[in-house]
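Just so you know, these numbers come straight off a predicted model, no measurement behind them. Proteins come first, then strands; the chains are lettered A, B, ... in the order of their sequence lines, and each starts at number 1.
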Protein chains: 2
Amino acid sequence: MLLTPKWTSMVIYVLSFGPLRTGQLQRSMPGISKKMLTQTLRELEADQLLSRKVHQVVPPAVEYSLTELGQKFVEPLLALYDWAEANFVLLDKVERNRAASGQAEIVEDESEALPLS
Amino acid sequence: MLLTPKWTSMVIYVLSFGPLRTGQLQRSMPGISKKMLTQTLRELEADQLLSRKVHQVVPPAVEYSLTELGQKFVEPLLALYDWAEANFVLLDKVERNRAASGQAEIVEDESEALPLS
DNA sequence: CAGCATCCCATAAGATACTG
DNA sequence: CAGTATCTTATGGGATGCTG
């Protein structure tokens, strides 16, 4: 899948603001390792969501930018982020929710037969 | 994250059509193991995206349904699915794209200085 | 029927060192 | 600066058997 890897959606999001060089990308995503950054970028490139431009200079300068397809992905991605933000899910609300109750509802049935199909 | 586990989004999707019992859920998702089904359901329950109702009968009958929060999640999720379908990404277009070209663009620069910040 | 526990394997991901 | 290679660990996930 496209969203299961840890960093893919974040790369798309960060690049949605404009093209970035490798180092800038890494600094935009605290915690990502160089290995995972490269790997994620290669996969997204293979999926044609971003393009990679190599400037033949020393030291090397590589610029990443979203393709048309990648830009089309930004909107549904933001829809997801908006939902998360609106419901504090990526923040700490869920943690607090987890802490609180959360028991399964027990339904006392009269019959011993299966009530559902 | 909420989307990284393999089955979470599918559970939400399947339940978006209405409440289901455990076995019905499993049959709705070919390939899911009982273990992962239970695990996924527990996590989504902890995140308050679905609720679990236990009917006290023999044999046991457990019904899962989306909470308000879970239902709010359906829309952005479908937006994502729509994008995927529109771009054949979950199908085979990507595979064909991967097969074809996909080389990084080489930009021939005159200078040896860094052209980008 | 629904769920839990256990064992095992595949993959994701982090750390580190090295190259042009 | 950008990238590769290698090693190690953490996690996800499948298979199976057992319980009320």
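Taking atom CD of residue B/E63 and atom P of nucleotide C/dG3, one finds them 12 Å apart after rounding to whole Å. Computed from coordinates, the A/H55 NE2 to D/dG3 C1' distance equals 16 Å when rounded to whole Å. Going from atom CD of B/E45 over to atom C1' of C/dG3 covers 13 Å, rounded to whole Å. As rounded to whole Å, 15 Å separates atom P of C/dA12 from atom CD1 of A/I32. A straight line from CZ of B/R27 to P of C/dC1 spans 7 Å, rounded to a whole angstrom. As a whole-Å value, the separation of A/R52 CZ from D/dC1 P is 16 Å. Rounded to an integer number of Å, the gap from CG of B/L37 to P of D/dG12 is 16 Å. Remark: C1' of D/dA2 and CD of A/Q39 are 16 Å apart, rounded to the nearest angstrom.
Listed by first and then second residue, the ring-ring contact (aromatic ring centres under 6.0 Å, His included) pairs that reach into residues 32-52 of chain B come to none, sequence neighbours excluded.
Between A/R21 and the phosphate of D/dA2, there is a side-chain N or O to OP1/OP2 separation shorter than 4.0 Å. Not one side-chain nitrogen or oxygen of A/Y64 sits closer than 4.0 Å to the OP1 or OP2 atom of D/dC1.
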Report, one line per pair, each donor and acceptor closer than 3.5 Å where one atom sits in a side chain of residues 8-18 of chain B; sequence neighbours left out.
{"from": "B/T8", "atom 1": "OG1", "to": "B/L2", "atom 2": "O", "distance (Å)": "3.1"}
{"from": "B/T8", "atom 1": "OG1", "to": "B/P5", "atom 2": "O", "distance (Å)": "3.2"}
{"from": "B/S9", "atom 1": "OG", "to": "B/Y81", "atom 2": "OH", "distance (Å)": "3.3"}
{"from": "B/S16", "atom 1": "OG", "to": "B/Y13", "atom 2": "O", "distance (Å)": "2.5"}

Check residues 29-37 of chain B and write down every donor-acceptor pair under 3.5 Å in which the side-chain atom is one partner and the other belongs to a residue at least two apart or another chain.
{"from": "B/S33", "atom 1": "OG", "to": "B/M36", "atom 2": "N", "distance (Å)": "3.2"}

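Recorded end-axis angle for the helix from C/dC1-D/dG20 to C/dG20-D/dC1 stands at 40°, based on five pairs per end and rounded to 10 degrees.
A search for side-chain hydrogen bond (donor to acceptor under 3.5 Å, both in side chains) contacts involving B/S65 returns B/S51, not counting sequence neighbours. Every residue two or more places apart in sequence or in another chain was checked for a side-chain hydrogen bond (donor to acceptor under 3.5 Å, both in side chains) with B/T67, and none qualifies. Taking the side-chain contact (heavy atoms from CB on, under 4.5 Å) definition, one finds that B/K72 meets it with A/W83, A/N87, sequence neighbours left out.
In plain terms, the two heavy atoms of B/D47 and B/L69 that are nearest each other are O-CD2, 3.7 Å.
With values rounded to the nearest 0.5 angstrom, B/L49 atom CG is found 7.0 Å from B/F73 atom CZ. Atom CG of A/L20 is separated from atom CG of A/L66 by 9.5 Å, given to the nearest 0.5 angstrom. Atom OG1 of A/T22 is separated from atom CZ of A/R27 by 10.0 Å, given to the nearest 0.5 angstrom.
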Nucleotide N/O of nucleotides 4-10 of chain D paired with protein N/O under 3.5 Å:
none

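Considering only heavy atoms from C-beta on, B/R42 comes within 4.5 Å of B/R52 through its side chain.
Of the residues in residues 4-12 of chain A, those lying under 4.0 Å from DNA chain C by heavy-atom distance are A/P5, A/K6, A/W7.
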